[in-house]
There are 2 protein chains.
Amino acid sequence: MNIGDVAQRAGLPAKTIRYYEDIGLITPLRDDNGYRRFRESDLHKLAFLGRARALGFTIEDCRTLLALYEDNTRASADVKDLAQAHLTKIEDKIAQLQSMRDTLSELVHSCAGDNRPDCPILSDLATGEH
Amino acid sequence: MNIGDVAQRAGLPAKTIRYYEDIGLITPLRDDNGYRRFRESDLHKLAFLGRARALGFTIEDCRTLLALYEDNTRASADVKDLAQAHLTKIEDKIAQLQSMRDTLSELVHSCAGDNRPDCPILSDLATGEH
DNA sequence: ACTTGACCTTCCAGCGACTGGAAGCCCTAT
DNA sequence: ATAGGGCTTCCAGTCGCTGGAAGGTCAAGT
């Protein structure tokens, strides 16, 4: 398979796949013409990476997850710990965004949104008080 | 005021304040020795920026918000539209993170987390199926 | 045989919003 | 005179790509 096929099948841009090779996540073979030649195992890894990235794992997490995946002597606890740590980070991020949303939502609702200059949003930003 | 004082009072790192000058958000004066000299109005702007950034507005949004703040002929609708658009982005982001969280949470709970290698988290990443 | 166009290659730069660090000047206190 | 702290500029790095330039390769059509 060439990079275009793999990109299609893995659902990742070709640029991303080249980047993943650059940083050592995959090591496809090369044809005589210099084109990358991907094995099924490469495609499999890329799909794995795509799903892990879609769950928000960092590239370094993905590297670790791939290593664990390929290590038949792994302890599932190691995977779980990694995932749990990531889950906690996501939950923190959600809480932070929800706090922003609550404040913003309040401000937006309190603003008339007309032609006049008076604006509680700007007042709040200016003074930190409502 | 020197940069250290302003950093303390605005609750922003000195580095960030220099960066804000670089990109033209503020233009403090200079003393003969080359040190930045901040007026009250600079401090006020920095506090404004700090609050806007804390609500997740981008730097370019902040630039626009500052301009609106200083324009006494603004229409509050312009501010509201900007804030509403930002609010929508935050809500999208929250939804995306919640989706990740739900999937991850399920996976984490289904993993024994012991010494054995069997791991539903890795199985899911490998196959995309549960 | 030649050309077109799609595909592939590498390399370099840029995104956003800082952050760290190096090298060096300035000011105050001892 | 020296030590320290604060200030300056400039450059590089963060994260995970993404865009674009310049050029090689291949298969199909004329």
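Convention: sequence-line order gives letters A, B, ...; per-chain numbering from 1.
- A/R18 comes within contact range of at least one nucleobase, with a heavy-atom separation under 4.0 Å.
- The nucleotide whose nearest atom lies closest to any side-chain atom of A/Y19 is, among C/dT9, D/dG16, C/dA17, D/dG16.
- Nucleotide D/dG6 holds its P atom 10 Å from the CD atom of B/Q8, rounded to whole Å.
- At least one side-chain heavy atom of A/L122 sits under 4.5 Å from a side-chain heavy atom of B/R74.
- Across the protein-nucleic acid pair, B/L49 atom CG and C/dA17 atom C1' stand 13 Å apart, rounded to whole Å.
- When rounded to the nearest whole Å, the span between CD of B/E21 and P of D/dC10 equals 12 Å.
- Atom CD1 in B/I59 sits roughly 14 Å away from atom C1' in C/dT19 (whole-Å rounding).
- Rounded to whole Å, atom C1' of C/dC7 lies 14 Å from atom CD1 of A/I17.
- Within 6.0 Å of atom CD in A/Q8, 12 or fewer heavy atoms from other residues, nucleotides or ligands are found, so the atom counts as exposed in its surroundings.
- Nearer the 5' end of DNA chain C, as judged by each residue's closest nucleotide, is the contact made by A/Y35, out of A/K15 and A/Y35.
- Salt-bridge annotation for B/R18 and B/E21: absent, with no side-chain N of the basic residue lying under 4.0 Å from a carboxylate O of the acidic one.
- Rounded to whole angstrom, the span from the CD1 atom of A/I3 across to the P atom of D/dC17 amounts to 14 Å.
- Between D/dT9 and B/R30, a contact under 4.0 Å exists linking OP1 or OP2 to a side-chain N or O.
- Heavy atoms of A/I23 sit nowhere under 4.0 angstrom from any nucleic acid atom.
- Here the nucleotide nearest the side chain of B/R36, chosen from D/dT8, D/dC7, D/dG16, is D/dT8.
- Proximity of A/T16 to the phosphate of D/dT18: a side-chain N or O atom is located under 4.0 Å from OP1 or OP2.
- Electrostatic pairing of B/D118 and B/R116 does not count as a salt bridge here, judged by no charged N lying under 4.0 Å from a carboxylate O.
- Remark: C1' of D/dC17 and CG of A/L12 are 12 Å apart, rounded to the nearest angstrom.
- Of the candidates C/dA17, C/dT19, D/dC7, the closest approach to any side-chain atom of B/P13 belongs to C/dT19.
- Following rounding to the nearest Å, B/Y20 (OH) and C/dG16 (P) show an atom-to-atom distance of 14 Å.
- Nearest-nucleotide positions on DNA chain C place B/E60 closer to the 5' end than the other of B/N33 and B/E60.
- Ionic pairing of A/D42 and A/R39 is present here: one or more N-O contacts between side-chain nitrogen and carboxylate oxygen are shorter than 4.0 angstrom.
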